[in-house]
Amino acid sequence: ISTPIACTIGIPPQAPQNLLCTPQGNDVILSWSNPVSYDSIEILRNSVVIATLPGTSTTLSDVNPGAGAQSYFVRGILGGVDSSAISCGVFIPPSAVSSLSCVMNGSLVDISWSNTHLYDNLRISRNGVIVATLPGTATTFQDNPGSGVHEWSVVGILQSVSSPSVLCSQTIEPQAPTGLVCSISAGAAVLNWTNSEAYGSVVISRDGVNIVTLAGATTSFSEAIEPGVYSYSVHGITSGVSSPGTDCQVTRNPLSVANLDCQYSGGTVTLTWTVESGLTAVEVHRDGSLLTTLSGASSFFQETSPPSGLREYSVTAISGALIAPASDCSLAIPPAAVSGLSCASPAPFVGQLSWSVVGGSSSLRVNRNGTQIASLPGGSTGYTDNSAPSGIQTYEVIVEVSGIFSDPASCLIDVQVPAAPVATASADVTTVELGSPIQFTATSDVSGVTWQWTFGDGQGSNEQNPIHLYSTAGDFTATLIA
(Lines give C-alpha, C1' and ligand atoms only; values in the text may rest on other atoms or scores of the structure.)
Protein backbone atom coordinates (compact mmCIF):
# COMPACT_ATOMS: atom_id res chain seq x y z
CA ILE A 1 0.00 0.00 0.00
CA SER A 2 1.39 3.29 -1.10
CA THR A 3 1.55 6.44 0.94
CA PRO A 4 -1.70 8.38 0.60
CA ILE A 5 -1.65 11.78 -1.10
CA ALA A 6 -4.04 14.32 0.41
CA CYS A 7 -5.88 17.34 -1.22
CA THR A 8 -8.36 19.91 0.00
CA ILE A 9 -11.46 20.95 -1.95
CA GLY A 10 -13.50 23.95 -0.88
CA ILE A 11 -17.19 23.32 -1.36
CA PRO A 12 -19.05 26.69 -1.67
CA PRO A 13 -21.90 27.04 0.72
CA GLN A 14 -25.34 27.76 -0.59
CA ALA A 15 -25.92 31.37 -1.60
CA PRO A 16 -28.15 33.66 0.42
CA GLN A 17 -31.73 33.72 -0.84
CA ASN A 18 -34.70 36.10 -1.35
CA LEU A 19 -32.63 39.28 -1.72
CA LEU A 20 -34.67 42.50 -1.81
CA CYS A 21 -33.34 46.05 -2.47
CA THR A 22 -35.80 48.70 -1.36
CA PRO A 23 -35.15 52.47 -1.79
CA GLN A 24 -36.11 54.47 1.24
CA GLY A 25 -35.53 58.19 0.70
CA ASN A 26 -31.88 58.54 -0.21
CA ASP A 27 -31.05 55.16 1.42
CA VAL A 28 -31.40 51.56 0.24
CA ILE A 29 -32.65 48.80 2.55
CA LEU A 30 -31.36 45.28 1.69
CA SER A 31 -32.92 42.13 3.13
CA TRP A 32 -32.31 38.39 2.47
CA SER A 33 -32.49 35.01 4.09
CA ASN A 34 -29.63 32.67 4.92
CA PRO A 35 -30.07 28.96 4.03
CA VAL A 36 -27.04 28.04 6.19
CA SER A 37 -25.15 29.56 9.06
CA TYR A 38 -22.26 31.57 7.55
CA ASP A 39 -19.13 32.72 9.20
CA SER A 40 -19.70 36.15 7.67
CA ILE A 41 -21.62 37.88 4.91
CA GLU A 42 -20.21 40.39 2.40
CA ILE A 43 -22.27 43.17 0.78
CA LEU A 44 -21.01 44.68 -2.49
CA ARG A 45 -22.31 47.78 -4.29
CA ASN A 46 -21.31 48.09 -7.88
CA SER A 47 -18.72 45.29 -7.29
CA VAL A 48 -17.14 47.12 -4.35
CA VAL A 49 -17.39 45.62 -0.87
CA ILE A 50 -19.24 48.11 1.27
CA ALA A 51 -19.85 45.94 4.35
CA THR A 52 -18.88 42.63 6.03
CA LEU A 53 -21.53 41.45 8.43
CA PRO A 54 -21.84 38.66 10.96
CA GLY A 55 -22.89 35.37 9.36
CA THR A 56 -26.37 35.53 10.83
CA SER A 57 -27.21 39.02 9.45
CA THR A 58 -30.20 39.32 7.10
CA THR A 59 -30.51 43.15 6.57
CA LEU A 60 -28.40 46.19 5.72
CA SER A 61 -29.25 49.86 5.44
CA ASP A 62 -27.03 51.53 2.84
CA VAL A 63 -27.08 55.19 3.80
CA ASN A 64 -27.12 57.66 0.90
CA PRO A 65 -25.43 55.50 -1.68
CA GLY A 66 -25.80 58.27 -4.21
CA ALA A 67 -28.22 58.91 -7.02
CA GLY A 68 -28.34 56.76 -10.09
CA ALA A 69 -28.40 53.02 -10.79
CA GLN A 70 -27.00 50.93 -7.93
CA SER A 71 -26.23 47.18 -8.17
CA TYR A 72 -26.01 45.19 -4.94
CA PHE A 73 -24.47 41.73 -4.33
CA VAL A 74 -24.75 39.56 -1.20
CA ARG A 75 -22.62 36.41 -0.58
CA GLY A 76 -22.06 34.16 2.40
CA ILE A 77 -18.59 33.01 3.57
CA LEU A 78 -18.18 29.69 5.29
CA GLY A 79 -14.79 28.11 6.10
CA GLY A 80 -13.08 30.67 3.96
CA VAL A 81 -15.18 29.72 0.93
CA ASP A 82 -17.51 32.25 -0.70
CA SER A 83 -20.94 31.28 -1.77
CA SER A 84 -22.14 32.47 -5.09
CA ALA A 85 -23.58 36.00 -4.89
CA ILE A 86 -27.18 36.95 -5.30
CA SER A 87 -27.90 40.43 -6.68
CA CYS A 88 -30.53 43.19 -6.98
CA GLY A 89 -30.57 46.61 -8.48
CA VAL A 90 -32.22 49.95 -7.66
CA PHE A 91 -32.31 53.40 -9.14
CA ILE A 92 -31.96 56.35 -6.72
CA PRO A 93 -33.49 59.49 -8.24
CA PRO A 94 -31.37 62.61 -7.87
CA SER A 95 -32.28 64.86 -4.95
CA ALA A 96 -33.20 68.51 -5.45
CA VAL A 97 -30.69 71.33 -5.51
CA SER A 98 -30.43 73.30 -2.28
CA SER A 99 -30.08 76.91 -1.18
CA LEU A 100 -31.91 78.33 -4.24
CA SER A 101 -32.15 82.12 -4.28
CA CYS A 102 -33.47 84.68 -6.76
CA VAL A 103 -32.00 88.16 -6.30
CA MET A 104 -32.84 91.34 -8.23
CA ASN A 105 -29.94 92.93 -10.08
CA GLY A 106 -31.39 96.00 -11.74
CA SER A 107 -33.87 94.68 -14.30
CA LEU A 108 -32.14 91.24 -14.19
CA VAL A 109 -32.54 88.37 -11.76
CA ASP A 110 -29.52 86.43 -10.45
CA ILE A 111 -30.41 82.80 -9.63
CA SER A 112 -28.00 80.68 -7.57
CA TRP A 113 -28.11 77.25 -5.87
CA SER A 114 -26.01 74.40 -4.51
CA ASN A 115 -25.86 70.98 -6.22
CA THR A 116 -26.49 67.95 -4.05
CA HIS A 117 -25.28 65.55 -6.80
CA LEU A 118 -23.14 65.58 -9.85
CA TYR A 119 -25.98 65.93 -12.30
CA ASP A 120 -25.77 65.30 -16.01
CA ASN A 121 -27.37 68.70 -16.56
CA LEU A 122 -29.68 71.24 -14.95
CA ARG A 123 -32.93 72.66 -16.34
CA ILE A 124 -34.09 76.23 -15.54
CA SER A 125 -37.76 77.11 -16.06
CA ARG A 126 -39.58 80.44 -15.70
CA ASN A 127 -43.32 80.41 -15.18
CA GLY A 128 -43.41 76.77 -16.31
CA VAL A 129 -41.43 77.34 -19.52
CA ILE A 130 -37.85 76.05 -19.89
CA VAL A 131 -35.54 79.02 -20.44
CA ALA A 132 -32.13 77.28 -20.12
CA THR A 133 -30.40 73.86 -19.89
CA LEU A 134 -27.08 74.09 -18.13
CA PRO A 135 -24.15 71.72 -17.47
CA GLY A 136 -24.58 69.53 -14.40
CA THR A 137 -21.93 71.49 -12.48
CA ALA A 138 -23.57 74.94 -12.98
CA THR A 139 -24.69 76.78 -9.85
CA THR A 140 -25.76 80.20 -11.22
CA PHE A 141 -27.95 81.65 -13.96
CA GLN A 142 -28.92 85.24 -14.85
CA ASP A 143 -32.31 85.94 -16.41
CA ASN A 144 -33.93 89.00 -17.96
CA PRO A 145 -37.60 88.18 -17.41
CA GLY A 146 -39.26 91.54 -18.04
CA SER A 147 -41.75 93.07 -15.65
CA GLY A 148 -44.38 91.06 -13.82
CA VAL A 149 -44.56 88.32 -11.19
CA HIS A 150 -42.21 85.43 -12.12
CA GLU A 151 -41.47 82.01 -10.64
CA TRP A 152 -38.32 80.03 -11.44
CA SER A 153 -37.68 76.33 -10.93
CA VAL A 154 -34.33 74.47 -10.97
CA VAL A 155 -34.31 70.72 -11.70
CA GLY A 156 -31.26 68.42 -11.71
CA ILE A 157 -31.19 65.70 -14.40
CA LEU A 158 -29.34 62.42 -13.82
CA GLN A 159 -29.58 59.55 -16.28
CA SER A 160 -32.66 61.20 -17.74
CA VAL A 161 -34.35 61.27 -14.34
CA SER A 162 -35.36 64.62 -12.89
CA SER A 163 -34.87 65.71 -9.34
CA PRO A 164 -37.70 67.42 -7.51
CA SER A 165 -37.96 71.06 -8.60
CA VAL A 166 -36.98 73.86 -6.26
CA LEU A 167 -38.82 77.18 -6.66
CA CYS A 168 -38.15 80.85 -6.09
CA SER A 169 -40.00 83.97 -7.26
CA GLN A 170 -39.56 87.68 -7.77
CA THR A 171 -41.82 90.60 -8.65
CA ILE A 172 -40.29 92.81 -11.32
CA GLU A 173 -41.75 96.30 -11.38
CA PRO A 174 -42.35 97.83 -14.81
CA GLN A 175 -40.32 100.94 -15.54
CA ALA A 176 -42.20 104.11 -14.69
CA PRO A 177 -43.58 106.33 -17.47
CA THR A 178 -41.34 109.30 -18.27
CA GLY A 179 -41.66 112.88 -19.41
CA LEU A 180 -44.93 113.56 -17.59
CA VAL A 181 -46.20 117.09 -18.29
CA CYS A 182 -49.33 118.41 -16.59
CA SER A 183 -51.07 121.60 -17.67
CA ILE A 184 -54.43 123.39 -17.48
CA SER A 185 -56.53 124.15 -20.56
CA ALA A 186 -60.01 125.68 -20.45
CA GLY A 187 -60.60 124.49 -16.90
CA ALA A 188 -59.35 120.93 -17.55
CA ALA A 189 -56.22 119.13 -16.35
CA VAL A 190 -54.22 117.78 -19.33
CA LEU A 191 -51.56 115.06 -18.81
CA ASN A 192 -49.04 113.85 -21.41
CA TRP A 193 -46.28 111.24 -20.91
CA THR A 194 -44.09 108.61 -22.60
CA ASN A 195 -44.44 104.88 -21.85
CA SER A 196 -41.12 103.27 -20.95
CA GLU A 197 -42.30 99.83 -22.06
CA ALA A 198 -45.39 98.02 -23.32
CA TYR A 199 -47.85 98.06 -20.41
CA GLY A 200 -50.99 96.03 -20.03
CA SER A 201 -52.78 99.13 -18.75
CA VAL A 202 -52.11 102.62 -17.41
CA VAL A 203 -53.63 103.86 -14.15
CA ILE A 204 -54.11 107.56 -13.35
CA SER A 205 -54.47 108.65 -9.73
CA ARG A 206 -55.44 112.06 -8.40
CA ASP A 207 -54.52 113.02 -4.83
CA GLY A 208 -53.69 109.40 -4.06
CA VAL A 209 -56.94 107.90 -5.40
CA ASN A 210 -57.09 105.92 -8.64
CA ILE A 211 -59.55 107.64 -10.96
CA VAL A 212 -59.22 105.83 -14.30
CA THR A 213 -57.61 102.77 -15.92
CA LEU A 214 -56.57 103.28 -19.54
CA ALA A 215 -55.32 101.04 -22.32
CA GLY A 216 -51.63 100.19 -22.02
CA ALA A 217 -50.60 102.23 -25.08
CA THR A 218 -52.27 105.44 -23.83
CA THR A 219 -49.97 108.47 -23.44
CA SER A 220 -52.41 111.31 -22.63
CA PHE A 221 -55.39 112.06 -20.40
CA SER A 222 -57.57 115.07 -19.59
CA GLU A 223 -60.42 115.77 -17.20
CA ALA A 224 -62.47 118.78 -16.19
CA ILE A 225 -61.69 119.82 -12.62
CA GLU A 226 -62.93 122.45 -10.21
CA PRO A 227 -60.55 125.14 -8.96
CA GLY A 228 -57.86 123.83 -6.62
CA VAL A 229 -54.39 122.26 -6.39
CA TYR A 230 -54.17 118.64 -7.57
CA SER A 231 -51.44 115.97 -7.53
CA TYR A 232 -51.51 113.41 -10.35
CA SER A 233 -49.59 110.14 -10.70
CA VAL A 234 -49.28 107.86 -13.75
CA HIS A 235 -48.50 104.13 -13.27
CA GLY A 236 -47.80 101.46 -15.88
CA ILE A 237 -49.32 98.05 -15.09
CA THR A 238 -47.87 94.75 -16.38
CA SER A 239 -49.21 91.35 -15.29
CA GLY A 240 -50.88 92.99 -12.34
CA VAL A 241 -47.67 94.68 -11.18
CA SER A 242 -47.56 98.46 -10.98
CA SER A 243 -44.58 100.57 -11.92
CA PRO A 244 -43.45 103.37 -9.62
CA GLY A 245 -45.60 106.45 -10.17
CA THR A 246 -44.54 109.43 -12.24
CA ASP A 247 -45.94 112.51 -10.53
CA CYS A 248 -46.93 116.08 -11.28
CA GLN A 249 -48.97 118.84 -9.66
CA VAL A 250 -51.31 121.35 -11.26
CA THR A 251 -53.00 124.46 -9.94
CA ARG A 252 -56.40 125.10 -11.46
CA ASN A 253 -57.19 128.77 -10.83
CA PRO A 254 -60.86 129.75 -10.83
CA LEU A 255 -62.20 131.15 -14.08
CA SER A 256 -63.29 134.78 -14.18
CA VAL A 257 -67.00 135.31 -13.81
CA ALA A 258 -68.67 135.38 -17.22
CA ASN A 259 -71.45 137.48 -18.80
CA LEU A 260 -71.04 140.35 -16.34
CA ASP A 261 -73.85 142.87 -16.88
CA CYS A 262 -74.08 146.20 -15.04
CA GLN A 263 -77.21 148.37 -15.02
CA TYR A 264 -78.34 151.53 -13.20
CA SER A 265 -82.01 152.29 -12.79
CA GLY A 266 -84.12 154.08 -10.22
CA GLY A 267 -81.19 154.88 -7.96
CA THR A 268 -80.01 151.22 -7.83
CA VAL A 269 -77.02 149.49 -9.45
CA THR A 270 -77.70 145.88 -10.46
CA LEU A 271 -74.87 143.47 -11.34
CA THR A 272 -75.48 139.97 -12.77
CA TRP A 273 -73.00 137.30 -13.88
CA THR A 274 -72.45 133.55 -14.24
CA VAL A 275 -69.92 131.44 -12.29
CA GLU A 276 -68.51 127.95 -12.44
CA SER A 277 -68.98 125.44 -9.63
CA GLY A 278 -66.42 124.91 -6.89
CA LEU A 279 -66.03 128.55 -5.77
CA THR A 280 -65.86 129.48 -2.10
CA ALA A 281 -66.65 133.19 -2.48
CA VAL A 282 -67.36 136.04 -4.90
CA GLU A 283 -66.12 139.55 -4.12
CA VAL A 284 -67.67 142.76 -5.47
CA HIS A 285 -65.55 145.93 -5.58
CA ARG A 286 -66.36 149.51 -6.52
CA ASP A 287 -63.54 151.81 -7.54
CA GLY A 288 -61.04 149.37 -6.01
CA SER A 289 -62.75 149.13 -2.62
CA LEU A 290 -64.48 145.97 -1.41
CA LEU A 291 -68.25 146.35 -1.23
CA THR A 292 -69.23 142.83 -0.22
CA THR A 293 -68.21 139.16 -0.14
CA LEU A 294 -70.86 136.75 -1.39
CA SER A 295 -71.14 132.96 -1.40
CA GLY A 296 -69.37 131.10 -4.20
CA ALA A 297 -72.63 130.30 -6.00
CA SER A 298 -73.84 133.94 -6.06
CA SER A 299 -74.64 135.54 -9.42
CA PHE A 300 -76.45 138.77 -8.40
CA PHE A 301 -75.74 141.98 -6.48
CA GLN A 302 -77.54 145.29 -5.98
CA GLU A 303 -76.35 148.57 -4.49
CA THR A 304 -78.86 151.25 -3.64
CA SER A 305 -77.98 154.95 -3.68
CA PRO A 306 -74.46 154.53 -5.10
CA PRO A 307 -72.24 157.62 -5.19
CA SER A 308 -72.63 159.62 -8.40
CA GLY A 309 -69.98 159.86 -11.06
CA LEU A 310 -68.21 157.37 -13.31
CA ARG A 311 -67.92 154.18 -11.20
CA GLU A 312 -65.85 151.08 -11.89
CA TYR A 313 -67.35 147.81 -10.62
CA SER A 314 -65.44 144.51 -10.54
CA VAL A 315 -66.51 140.96 -9.63
CA THR A 316 -63.85 138.42 -8.57
CA ALA A 317 -64.25 134.63 -8.27
CA ILE A 318 -62.38 132.99 -5.34
CA SER A 319 -61.64 129.36 -4.50
CA GLY A 320 -59.75 129.03 -1.22
CA ALA A 321 -56.48 130.89 -1.70
CA LEU A 322 -56.90 130.96 -5.49
CA ILE A 323 -58.22 134.16 -7.07
CA ALA A 324 -59.46 134.59 -10.64
CA PRO A 325 -58.81 137.74 -12.70
CA ALA A 326 -61.55 140.26 -12.00
CA SER A 327 -64.32 141.00 -14.49
CA ASP A 328 -65.03 144.74 -14.77
CA CYS A 329 -67.72 147.13 -15.94
CA SER A 330 -68.23 150.90 -15.74
CA LEU A 331 -71.39 152.84 -14.96
CA ALA A 332 -72.13 156.56 -15.17
CA ILE A 333 -74.15 157.23 -12.00
CA PRO A 334 -75.97 160.55 -12.40
CA PRO A 335 -76.00 162.85 -9.36
CA ALA A 336 -79.27 163.62 -7.63
CA ALA A 337 -81.13 166.56 -9.11
CA VAL A 338 -81.53 169.73 -7.06
CA SER A 339 -84.65 169.79 -4.93
CA GLY A 340 -87.03 172.49 -3.80
CA LEU A 341 -86.42 174.65 -6.89
CA SER A 342 -88.15 178.02 -6.43
CA CYS A 343 -88.32 180.61 -9.22
CA ALA A 344 -89.58 184.23 -9.20
CA SER A 345 -89.17 187.60 -10.91
CA PRO A 346 -88.75 190.13 -8.11
CA ALA A 347 -88.01 193.02 -10.42
CA PRO A 348 -88.29 193.91 -14.07
CA PHE A 349 -85.97 191.87 -16.27
CA VAL A 350 -84.83 189.79 -13.25
CA GLY A 351 -85.23 186.02 -12.77
CA GLN A 352 -84.39 184.67 -9.34
CA LEU A 353 -83.86 180.93 -8.57
CA SER A 354 -83.15 179.04 -5.32
CA TRP A 355 -82.84 175.34 -4.50
CA SER A 356 -81.27 172.66 -2.29
CA VAL A 357 -78.49 170.38 -3.49
CA VAL A 358 -76.92 167.14 -2.20
CA GLY A 359 -73.25 167.53 -1.26
CA GLY A 360 -70.47 166.25 -3.48
CA SER A 361 -71.37 167.98 -6.74
CA SER A 362 -68.58 169.43 -8.88
CA SER A 363 -70.58 172.25 -10.36
CA LEU A 364 -74.08 173.36 -11.33
CA ARG A 365 -75.31 174.55 -14.71
CA VAL A 366 -78.17 177.03 -15.21
CA ASN A 367 -79.97 177.06 -18.54
CA ARG A 368 -82.54 179.57 -19.82
CA ASN A 369 -84.71 178.31 -22.63
CA GLY A 370 -82.23 175.47 -23.30
CA THR A 371 -79.14 177.67 -23.43
CA GLN A 372 -76.56 177.68 -20.64
CA ILE A 373 -76.33 181.07 -18.99
CA ALA A 374 -74.27 180.23 -15.90
CA SER A 375 -71.88 177.69 -14.37
CA LEU A 376 -71.83 177.76 -10.58
CA PRO A 377 -69.67 176.15 -7.86
CA GLY A 378 -70.83 172.76 -6.64
CA GLY A 379 -72.38 173.93 -3.36
CA SER A 380 -74.39 176.80 -4.84
CA THR A 381 -78.05 177.05 -3.81
CA GLY A 382 -79.28 180.06 -5.81
CA TYR A 383 -78.83 182.24 -8.90
CA THR A 384 -80.13 185.63 -10.07
CA ASP A 385 -80.53 186.35 -13.77
CA ASN A 386 -80.29 190.14 -14.04
CA SER A 387 -80.71 190.21 -17.78
CA ALA A 388 -83.78 188.10 -18.15
CA PRO A 389 -85.93 188.80 -21.16
CA SER A 390 -89.49 189.76 -20.41
CA GLY A 391 -92.23 187.19 -20.67
CA ILE A 392 -92.40 183.48 -19.89
CA GLN A 393 -88.89 181.99 -19.48
CA THR A 394 -87.96 178.34 -18.86
CA TYR A 395 -85.09 177.78 -16.43
CA GLU A 396 -83.20 174.51 -15.72
CA VAL A 397 -80.71 173.72 -12.97
CA ILE A 398 -78.44 170.70 -13.64
CA VAL A 399 -75.94 169.15 -11.18
CA GLU A 400 -72.60 167.91 -12.56
CA VAL A 401 -70.25 165.39 -10.90
CA SER A 402 -67.07 164.33 -12.73
CA GLY A 403 -68.63 164.98 -16.10
CA ILE A 404 -71.88 163.17 -15.26
CA PHE A 405 -75.03 165.30 -15.26
CA SER A 406 -78.20 164.95 -13.21
CA ASP A 407 -81.69 165.15 -14.56
CA PRO A 408 -82.64 168.83 -14.92
CA ALA A 409 -84.88 170.54 -12.39
CA SER A 410 -86.97 173.14 -14.22
CA CYS A 411 -89.36 176.04 -13.60
CA LEU A 412 -91.12 178.82 -15.48
CA ILE A 413 -90.77 182.54 -14.68
CA ASP A 414 -92.95 185.33 -16.10
CA VAL A 415 -90.27 188.00 -16.08
CA GLN A 416 -91.56 191.48 -15.14
CA VAL A 417 -91.24 194.48 -17.42
CA PRO A 418 -91.29 198.15 -16.11
CA ALA A 419 -94.54 200.22 -16.45
CA ALA A 420 -94.49 202.77 -19.30
CA PRO A 421 -93.42 206.18 -17.90
CA VAL A 422 -95.85 209.17 -18.05
CA ALA A 423 -93.96 212.05 -19.63
CA THR A 424 -94.89 215.73 -20.44
CA ALA A 425 -93.25 218.03 -22.95
CA SER A 426 -93.46 221.84 -23.26
CA ALA A 427 -91.76 224.79 -24.90
CA ASP A 428 -91.29 228.24 -23.46
CA VAL A 429 -92.83 229.81 -26.63
CA THR A 430 -94.84 228.51 -29.49
CA THR A 431 -94.12 231.40 -31.91
CA VAL A 432 -90.75 232.91 -32.36
CA GLU A 433 -88.85 235.03 -34.82
CA LEU A 434 -86.38 233.24 -37.04
CA GLY A 435 -83.06 233.13 -35.27
CA SER A 436 -84.44 233.06 -31.74
CA PRO A 437 -83.87 229.85 -29.63
CA ILE A 438 -86.69 227.85 -28.01
CA GLN A 439 -86.36 226.12 -24.60
CA PHE A 440 -87.96 222.66 -24.51
CA THR A 441 -88.77 221.05 -21.14
CA ALA A 442 -89.62 217.37 -20.29
CA THR A 443 -90.86 215.76 -17.08
CA SER A 444 -91.66 212.08 -16.07
CA ASP A 445 -93.32 210.29 -13.21
CA VAL A 446 -90.47 207.77 -12.92
CA SER A 447 -86.77 208.09 -12.62
CA GLY A 448 -84.18 206.59 -14.88
CA VAL A 449 -86.02 207.57 -18.04
CA THR A 450 -84.20 208.13 -21.28
CA TRP A 451 -85.20 210.99 -23.55
CA GLN A 452 -85.52 211.19 -27.29
CA TRP A 453 -86.55 214.54 -28.84
CA THR A 454 -87.26 215.16 -32.52
CA PHE A 455 -87.86 218.82 -33.54
CA GLY A 456 -89.58 218.33 -36.91
CA ASP A 457 -86.75 219.84 -38.94
CA GLY A 458 -84.67 216.71 -39.03
CA GLN A 459 -82.83 217.55 -35.84
CA GLY A 460 -83.15 215.86 -32.42
CA SER A 461 -81.71 215.61 -28.90
CA ASN A 462 -81.30 213.09 -26.01
CA GLU A 463 -81.29 215.81 -23.37
CA GLN A 464 -84.19 216.13 -20.97
CA ASN A 465 -84.48 219.93 -21.50
CA PRO A 466 -82.78 220.86 -24.77
CA ILE A 467 -82.56 224.34 -26.41
CA HIS A 468 -83.13 224.32 -30.17
CA LEU A 469 -82.65 227.00 -32.87
CA TYR A 470 -84.59 226.55 -36.11
CA SER A 471 -82.68 227.56 -39.23
CA THR A 472 -85.66 228.10 -41.51
CA ALA A 473 -89.04 229.68 -41.06
CA GLY A 474 -92.14 227.49 -40.96
CA ASP A 475 -94.43 225.46 -38.76
CA PHE A 476 -92.71 222.59 -36.93
CA THR A 477 -93.96 219.85 -34.53
CA ALA A 478 -91.63 218.82 -31.73
CA THR A 479 -92.02 215.18 -30.38
CA LEU A 480 -90.77 213.58 -27.15
CA ILE A 481 -90.35 209.82 -26.59
CA ALA A 482 -89.51 208.84 -23.00
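This is a predicted model, so every value here is computed, not measured.
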Full working for side-chain contact (heavy atoms from CB on, under 4.5 Å) between L271 and Y313: CA-CA 9 Å; L271 309 181; Y313 287 87; 3.9 Å; yes
Is there any side chain to side chain donor-acceptor pair (under 3.5 Å) pair reaching into [range], and which pairs are they, with sequence neighbours excluded?
{"range": "residues 373-384", "answer": "none"}
{"range": "residues 323-337", "answer": "E312-S330"}
{"range": "residues 177-186", "answer": "none"}
{"range": "residues 44-68", "answer": "R45-D62, N46-Q70, D62-Y72"}

[X]-[Y] side chain donor-acceptor pair, cut-off 3.5 Å:
{"X": "H235", "Y": "S242", "result": "yes"}
{"X": "E303", "Y": "T268", "result": "no"}
{"X": "S95", "Y": "S163", "result": "no"}
{"X": "Q249", "Y": "D247", "result": "no"}
{"X": "D143", "Y": "W152", "result": "yes"}
{"X": "Q352", "Y": "D385", "result": "no"}
{"X": "T316", "Y": "E283", "result": "no"}
{"X": "S112", "Y": "S101", "result": "yes"}

Identify every side-chain donor-acceptor pair in residues 129-142 under 3.5 Å, counting partners at least two apart or on other chains, and give the distances.
residue, atom, partner, partner atom, Å
Q142, NE2, D110, OD1, 2.7

Flag, side chain of [X] to backbone of [Y], donor-acceptor distance under 3.5 Å:
{"X": "R252", "Y": "I225", "value": "yes"}
{"X": "S169", "Y": "E151", "value": "no"}
{"X": "S363", "Y": "G378", "value": "no"}
{"X": "Q263", "Y": "V269", "value": "no"}
{"X": "S256", "Y": "P325", "value": "yes"}

Which atom of L353 lies closest to which atom of C343, heavy atoms considered: CG-SG, 3.9 Å
Minimum heavy-atom distance between L158 and L118, given as atom pair plus value: CD1-O, 3.7 Å
side-chain hydrogen bond (donor to acceptor under 3.5 Å, both in side chains) between E226 and S277, worked out: CA-CA 7 Å; E226 294 182 349; S277 60; 3.2 Å; yes
R368 and E396 ion-paired at < 4.0 Å: no
Derivation and outcome, side-chain contact (heavy atoms from CB on, under 4.5 Å), residues V181 and W193: CA-CA 6 Å; V181 176; W193 65 88; over 6 Å; no
Pairs involving residues 176-205, ordered by first then second residue, that meet salt bridge (charged side-chain N to carboxylate O under 4.0 Å, His left out) (sequence neighbours left out): none
Whether Y230 and Y232 hold their rings parallel, tilted or perpendicular, with breakpoints at 30° and 60°: tilted
